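Step one of this worksheet: look at the structure below.
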Amino acid sequence: MGLGECLKSQVLCHVLIGYVFLASGLLINLLQLCTLPVWWLNKSLARRINCRLGYCISSQSVAILDWWSGTECTLYTDPKMYPLYGNENGIVVLNHQFEIDFMCGWSFCDRFGVLGSAKVLVKKELAYVPVIGWMWYFLEIVFCKRKWEEDRITVSQSLQKLRDYPENFWFLLFCEGTRFTAKKHQISMEVAEKKGLPKLKHHLLPRTKGFWLTIQNLRGTVAAVYDSTLNFRNNESPSLSGILSGKKYHADLYVRRIPLESIPEGEAECAAWLHKLYQEKDGFQEQYIQTGRYPGPIVSTPRRLGPLINWLCWSALVLFPLGAFLVSLLSSGSTLTILASLAFCYGASLLLRWMIGQTEISRSSGYGNKVNSSS
Ligand SMILES: CC/C=C\C/C=C\C/C=C\C/C=C\C/C=C\C/C=C\CCC(=O)SCCNC(=O)CCNC(=O)[C@H](O)C(C)(C)COP(=O)(O)OP(=O)(O)OC[C@H]1O[C@@H](n2cnc3c(N)ncnc32)[C@H](O)[C@@H]1OP(=O)(O)O
Ligand SMILES: CCCCCCCCCCCCCCCC(=O)OC[C@@H](O)COP(=O)(O)O
């Protein structure tokens, strides 16, 4: 093990990374709160400022992925489509099988200059996660309860608000609605059988209503659907803990650009279209497992320096006061202050542990563990 690898596996490094993320993230959340008056004066300016502030948070996780762990993200796509990526609004449809898929998604957003404005249809539970969940309020992320009766109104309203968004954005949709587990797969395939749909081997049966609603509300605003299929080399199961320990993974992403005009408007037709798309995605995934490649050429999208510089700047900003505080704490010698500080650190580490737990599939929700119906 080299010096770098040894350093990356040290708990102290993870504690410091966690501290930088929490301290800078909460500070940025506070700055986002301060932009509230700007919303009333100049909505477009407020949105642009929040894109930059959001970038300061999400690019930290990109820095950890791209620079700390050195994970490589390879893009398979049609080179003719490449110039469009980042220069138009897109709906990204991604498989939901890996604990760090959102980090890889963010990394690609950064490479195409849309990280600050990236959007997602996200479960409401994540809105309460400090730093990231709070940041999402100001970025106008669309929350859902995964209860169609409520979501059909609220999701629709949130999507409508994106129609005059001042920056190009990608709207990420995990149509499977939850992360892949053997049990959820088995149940969703029972649903597929009842609906007379072909079985999928590598995906859960997609939930079609959210996709239809998104297409309906963003038609005229979004140019295309980016059908994206992600996998990792060597059958790896990447985790955030692995990334923090400096483990390097190899992500491969296959992206097809599908013009929005080619997607049917009616609900039933749109649902059938999405089911067919997932059957194709299943084929791509099978091909990847058999051959280690997706169809189509590889297009070079190098990691960018922006996330690293941002991370180093925020680290310097919050680590210096920490150092100064520790020196004054130790020189003061007050047992009570030292104990209070230790208790505070313990609380912060529990919070961080809980946040990391949100990414773990072993702690995933019960959604999809039984058949539910919507009217
Ligand atoms: C060039 C590079 C390109 C790309 C780069 C890649 C990506 C970068 C892009 C952006 C990055 C941005 C941000 C990333 C950051 C962080 C994101 C992190 C994660 C958050 C993600 C989540 O939270 S996922 C969970 C939330 N999202 C969803 O659920 C979306 C999908 N769901 C839906 O659309 C649903 O329809 C719904 C939520 C709108 C409503 O759900 P509900 O359950 O109430 O209703 P449904 O209608 O879906 O359910 C009933 C129907 O489903 C059938 N059914 C019942 N049981 C099952 C079952 N077990 N499995 C499958 N289907 C089932 C039932 O029969 C009903 O059928 P109908 O025929 O009546 O529809
Ligand atoms: C910079 C490193 C510092 C470390 C701290 C990072 C903390 C990350 C905070 C949590 C971010 C939450 C994103 C989780 C994304 C996710 O994958 O959610 C799962 C949902 O789709 C589906 O949920 P489920 O039904 O439970 O499968």
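Model, not experiment: these values are computed from the prediction. Counting starts at 1 for both ligands and their atoms, in listed order.
- The closest non-hydrogen atom to atom 66 (C) of ligand 1, taken over R207, R257, K370, K195, comes from K195.
- Between atom 2 (C) of ligand 2 and the options T181, I64, L65, the minimum heavy-atom separation is to I64.
- When only interatomic distances are considered, the shortest N/O to N/O separation between T178 and ligand 1 does not fall below 3.5 Å.
- Ligand 2 is approached by H96 to a heavy-atom distance shorter than 4.0 Å.
- Contact between K119 and ligand 1 is present, with at least one heavy atom of the residue lying under 4.0 Å from the ligand.
- Remark: ligand 1 atoms within the under-4.0 Å shell around heavy atoms of D151 are 38 (C), 40 (C).
- Heavy-atom proximity to M355, at under 4.0 Å, picks out these atoms of ligand 2: 9 (C), 10 (C).
- In summary, the atoms of ligand 1 found under 4.0 Å from a heavy atom of C109, numbered by their order in the structure, are 8 (C), 9 (C), 10 (C), 11 (C).
- Of all protein heavy atoms, the one closest to atom 17 (O) of ligand 2 is R179 NH1, 3.5 Å.
- Heavy-atom proximity to atom 14 (C) of ligand 1, evaluated over L121, L205, L172, L197, is greatest for L172.
- In the vicinity of F174, heavy-atom distances shorter than 4.0 Å reach the ligand 1 atoms 19 (C), 21 (C), 28 (C), 30 (C), 31 (C).
- With a 4.0 Å cut-off on non-hydrogen atoms, K147 touches ligand 1 through its backbone and not its side chain.
- Within the listing of ligand 1, atoms 59 (N) sit less than 4.0 angstrom from a heavy atom of I187.
- Listed by number with element, the atoms of ligand 1 under 4.0 Å from a non-hydrogen atom of A118 are 12 (C).
- For atom 5 (C) of ligand 2, the nearest non-hydrogen atom from the set W68, W136, F21 comes from F21.
- Looking at W212, W170, F171, it is W170 that brings a heavy atom closest to atom 1 (C) of ligand 1.
- Not one N or O of Y85 is nearer than 3.5 Å to an N or O of ligand 1, by distance alone.
- Between S188 and ligand 1, no pair of N/O atoms sits closer than 3.5 Å.
- Contact annotation: for E99 versus ligand 2, there are no heavy atoms closer than 4.0 Å.
- Those atoms of ligand 1 that come under 4.0 Å of a heavy atom in Y367, given as number and element, are 41 (O), 42 (P), 43 (O).
- Closest protein heavy atom to atom 23 (O) of ligand 2: K123 NZ, 3.0 Å.
- Ligand 2 is approached by R146 to a heavy-atom distance shorter than 4.0 Å.
- If you number the atoms of ligand 1 from 1 as listed, the ones under 4.0 Å from a heavy atom of V120 come out as 13 (C), 17 (C).
- For ligand 1, the atoms closer than 4.0 angstrom to any heavy atom of F102 are 15 (C), 16 (C), 17 (C), 18 (C).
- Under 4.0 Å from ligand 2, the heavy atoms of L126 that appear belong solely to its side chain.
- Two rings, from Y76 and Y254, have their centers 6.0 Å or more apart.
- Distances shorter than 4.0 angstrom occur between a heavy atom of W136 and an atom of ligand 1.
- The closest approach between a heavy atom of L204 and any atom of ligand 1 is not below 4.0 Å.
- Note: an N/O pair closer than 3.5 Å links W148 and ligand 1 by distance alone.
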